[in-house]
Amino acid sequence: MPLIDISIARGRTPEQLRALIDAVHHAAETTVAAAPENITVIVREVEHQHWSRGNRTIAEREQRGAESTATSRRTS
C-alpha cells in the first residue's frame, strides 16, 4: 500500500492543499499502478524553519544526521 508523506511550509489555502493531494494521488496511481483506494497521501504543514535549506531525500537527511552524530562523538 503506497504511503506518500509530504511536508511543506505553512501558507497554503485549503484549495491548494487539496489540489496538491489530488495531483500526488493521481501521479501515484499511474506510476505505481496501484488501486486508488490503496494509496494514502498525507500533507503536513510545518513551520518554515523546520527544514534546512536545499532539497534532500529522507535518506540523505538521515545520513547527514548520522554523520553529524558520529562527528560529535569523535570530538567529545
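Since this is a predicted model, take the numbers as computed values, not measurements.
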Distance (rounded to the nearest 0.5 Å) between Ile6 CD1 and Ile21 CD1: 8.0 Å

Steps toward side-chain contact (heavy atoms from CB on, under 4.5 Å) verdict (Ile39, Glu29): CA-CA 8 Å; Ile39 299 170; Glu29 278 180 61; 3.6 Å; yes

Within one Ile-Leu-Val-Met-Phe-Trp-Tyr cluster: Ile42 and Ile4, side-chain cutoff 4.5 Å: no

Same apolar cluster (I L V M F W Y, side chains within < 4.5 Å links), Leu17/Val24: yes

Set of residues satisfying side chain to side chain contact (heavy atoms under 4.5 Å, CB included) with respect to Thr13, sequence neighbours excluded: Glu15, Gln16

Using residues 31-38 as the side-chain source, report each donor-acceptor pair under 3.5 Å to any protein atom, sequence neighbours left out, with the distance given to one decimal.
from, atom 1, to, atom 2, distance (Å)
Thr31, OG1, Ala27, O, 2.7

Minimum heavy-atom distance Glu45-Arg12, with the two atoms named: OE2-N, 3.5 Å

Contact list for residues 16-28, test salt bridge (Lys or Arg N to Asp or Glu O under 4.0 Å), sequence neighbours left out: Arg18-Asp22

